[in-house]
Enquirer: 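One structure coming up, written as structure tokens, with questions to follow.
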Amino acid sequence: MKSVPEYFGSMVFNDQKMKARLPHATYKALKKTVQNGEPLDISVATAVANAMKDWAVEMGCTHYTHWFQPMTGVTAEKHDSFIAPDGDQVIMEFSGKELIKGEPDASSFPSGGIRATFEARGYTTWDPTSPAFIRDKTLYIPTAFCSYTGEVLDKKTPLLRSMERLSNVAVKVLHLFGKEDVTRVTTTVGPEQEYFLIDKKMYDARPDLIFTGRTLFGAPAPKGQELEDHYFGSIKTRVAAFMNDLDEELWKLGVLAKTKHNEVAPSQHELAPIFSTSNIATDHNELTMEVMKKTAEKHGLVCLLHEKPFAGVNGSGKHNNWSIGTNTGENLLDPGKNPEDNLQFQLFLAAVVKAVDEYQDLLRITVASAGNDHRLGANEAPPAIISMYLGDDLGALVDAIIDGREYKSVGKSDMLTGVDVLPDFKKDTSDRNRTSPFAFTGNKFEFRALGSSLNIGCPNYMLNTMVAEELSQFYDVLKSADDLDETVKELVRKVFTEHKRIIFNGDNYSAEWVEEAARRGLCNFRSLPEAMAHYIDQKNIDLFVKNGIVSEAEIKARYEIELEHYVKQLHIEALTMIDMAQKNITPAVSAFVGKLTETALSKKALSESVSVYAETSLIEELSELLESFVKKTADLESAVEGAKKFDGDNLAQATYYREVVFTEMGSLRELGDAMERKTSAQYWPYPSYGEILFGV
Ligand code: ADP
Ligand code: MG
């Protein structure tokens, strides 16, 4: 058996393979593109294509695919074989042009009205900064996706642009500090991924899971997560086998899978990789989610990535650990030993604080989804209000700067375990605040409000862009300063003073915070339609246009796509509920009541004195519930029908789905769950929460 270092990256056309297989000049040219963002020559592409193909064919590949991330939120691929006719034989061919450009028929991908179907052409373009890899005998080439007329139709292009933009301004700022050797700044991300794992047989018996990814009915099991015995608990054999397989697959694909553990809810787990550049982290996170699903299948399991598959227990999110580093190896968000004297750190911190305050709406918008609406603000995930946690130490520093006071860092203290055989160690300077949506964690920020299924490209391009914007404003102030230190100090103090409302170190789950946040004037958007309405506020359009990330038309298209997607998801959920209600739940309860009636009648026929209390009380209770249930099903049907009057106005329609349809769904579920509690398990048509959540 091979060791991990031997097979790590074996399915990736990585640096080592390129070096071994490419002519030296080609290799160097490609490296320049990857490291410095320099444009790529077609002759380089031709040589790379050839080497890639030779390697892929040696590895047993027959096909290649341009792998891209359209606005559907899932990745897309179209496979072409390498074959080219050669007399009555074939040879395996792959040209530089085929590597650089692909042309999938793009007419069915959402474009938010940007691209009419009569000009449906879309192009995929090779992203040389993310390595190609092999899956299922196919060479996967990470690509960006745009329309014939050049509009951006994917999630990768804005991310790459934002990384470039942030690098350009950050480098200029660092040069002011005398760091002339810095030529490139890169944002890094480590996304912690939560998921549920359930038995495939349970999944197959639940149309709600199949069609919507979450259970639309389901009474709580007698046990949920209250004992907190699943969190970090010992991993069950079947799950451990899945996790080992998953790690192995991911390592072959060069994904730095590092940590795995059980999460809070029963059947819930987490995987965290070691961080990499935002672009590769995004591709790897997409890949991780796909490999999770495929690996689960092999084990007779299903991996659920929905944000809220089960009511009453925690849903799943993703923690986006984010930082900025230089090509010289410096982490720009590392406070160092003396943050009070580290003006460069203070300036970058100020940029993040100002960005999060001014664009708190965008951060909320970027994590909005139908699934995440069940989490944000619902006492488990961070609240829907965006604020920042800096920790005691940095918080005190910021206060001191605002007040113009002298500040001395408390520094790390010793952790004394009090047991001789246990080693003592240095404690971190601050404890964690698990309730904050945007927390400083030593040398990075952890954005915790992401939903588990989200493509992390979006939050990261927003984050990069807003920080780039603030840094470029800072640069304009600092570039002609006579006394840089004094000007930085003044600027930092001004920024912290003006934006301190965004800093909150207390309990984000408390009701007092909601009131306090309102007093501070912070946004509190409780659902996707409420949040999304602000996507196209002028200041947000200005941000993206000024920084060259996406155009006004593209933002508006994205806004329409998000709303449309939300409407479709809720529509499917409502139809699924109606279907389950009419085809299975109503007939099942009716049959059970029929059986009870039969039993009661035959008991009475046997002897008048026999008690039929159990049957009659249940018959009465269930008949009443069933009547309400049938009426509520009809109400939901007409609510769905009523949405048609908003056709053509996505925001109004999304708001209607949230306020009317979603509310009706909630009432129907309550009745359904009440009937489930009273109905014989033999009659209930679906596996229970107990069976699903505790079955693996
Ligand atoms: P936890 O928050 O669970 O205690 P860690 O603090 O160890 O975990 O790290 C969480 C994630 O943050 C990991 O994916 C890790 O690789 C990532 N991380 C660490 N340093 C950086 C950085 N400089 N930039 C981005 N992510 C980072
Ligand atoms: Mg975390």
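Whatever order the structure lists them in is the order used to number ligands and atoms, beginning at 1.
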Enquirer: Considering only heavy atoms of N331, which atoms of ligand 1 have at least one such atom less than 4.0 Å away?
Expert: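 What qualifies from ligand 1 is 23 (N).
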Enquirer: Under a 3.5 Å threshold, yes or no: a donor from one side chain and an acceptor from the other, between D392 and N505?
Expert: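 No, because no side-chain N or O of D392 sits under 3.5 Å from a partner of the opposite role on N505.
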Enquirer: Of T441, T259, N321, which has the heavy atom at the shortest distance from atom 25 (C) of ligand 1?
Expert: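 Residue with the shortest heavy-atom distance to the ligand atom: N321.
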Enquirer: Could you tell me whether A272 and ligand 1 have an N or O pair separated by under 3.5 Å?
Expert: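 No; every N/O pair is 3.5 Å or more apart.
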Enquirer: Given the rule in the ring-ring contact (aromatic ring centres under 6.0 Å, His included) test, do H261 and H230 qualify, once you have shown the distances and angles that lead to the verdict?
Expert: CA-CA 10 Å; H261 61 81; H230 194 255; 9.7 Å; no
Enquirer: Relative to the heavy atoms of G190, which atoms of ligand 1 are at a distance of less than 4.0 Å?
Expert: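 What qualifies from ligand 1 is 14 (O), 25 (C), 26 (N).
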Enquirer: State plainly whether the residues K156 and D283 are in salt-bridge range, i.e. N to O under 4.0 Å.
Expert: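 Yes, charged N to carboxylate O under 4.0 Å.
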Enquirer: Would you call D15 and K31 a salt bridge, using N to O less than 4.0 angstrom?
Expert: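 A salt bridge links D15 with K31.
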Enquirer: Should you measure from each heavy atom of T188, which atoms of ligand 1 turn up under 4.0 Å away?
Expert: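 Close to T188: 22 (C), 23 (N), 24 (N), 25 (C).
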Enquirer: Tell me which one of F445, W322, F275 gets a heavy atom nearest to atom 20 (N) of ligand 1.
Expert: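 Heavy atom nearest to atom 20 (N) of ligand 1 belongs to F275.
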Enquirer: Under 4.0 Å from a heavy atom of P273: which atoms of ligand 1 are those, numbered in the order shown and with their elements?
Expert: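 Ligand 1 atoms under the 4.0 Å threshold to P273: 13 (C), 14 (O), 16 (O).
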Enquirer: Heavy-atom contacts with I274 under 4.0 Å: which atoms of ligand 1 show up? List them by number with element.
Expert: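 Near I274, meaning under 4.0 Å from one of its heavy atoms, ligand 1 has 16 (O).
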Enquirer: Indicate yes or no: at least one non-hydrogen side-chain atom of T75 is less than 4.5 angstrom from one of F68.
Expert: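 Result no, sub-4.5 Å side-chain heavy-atom pair not found.
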Enquirer: Below 3.5 angstrom, do we get any N/O pair linking N443 and ligand 1?
Expert: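 So ligand 1 has no N or O lying under 3.5 Å from an N or O of N443.
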Enquirer: Under the side chain to side chain contact (heavy atoms under 4.5 Å, CB included) test, which residues partner R520, sequence neighbours left out?
Expert: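 Counting only residues at least two positions away or on another chain, R520 forms a side chain to side chain contact (heavy atoms under 4.5 Å, CB included) with R501, F504, W513, E516, L522.
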Enquirer: Verify the ring-centre separation between W67 and F133: is it less than 6.0 angstrom?
Expert: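 Yes, the ring centres sit under 6.0 Å apart.
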Enquirer: If you measure from each non-hydrogen atom of E192 to ligand 1, which part falls under 4.0 Å: side chain, backbone, both or neither?
Expert: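 Within the 4.0 Å criterion, E192 contacts ligand 1 through side-chain atoms alone.
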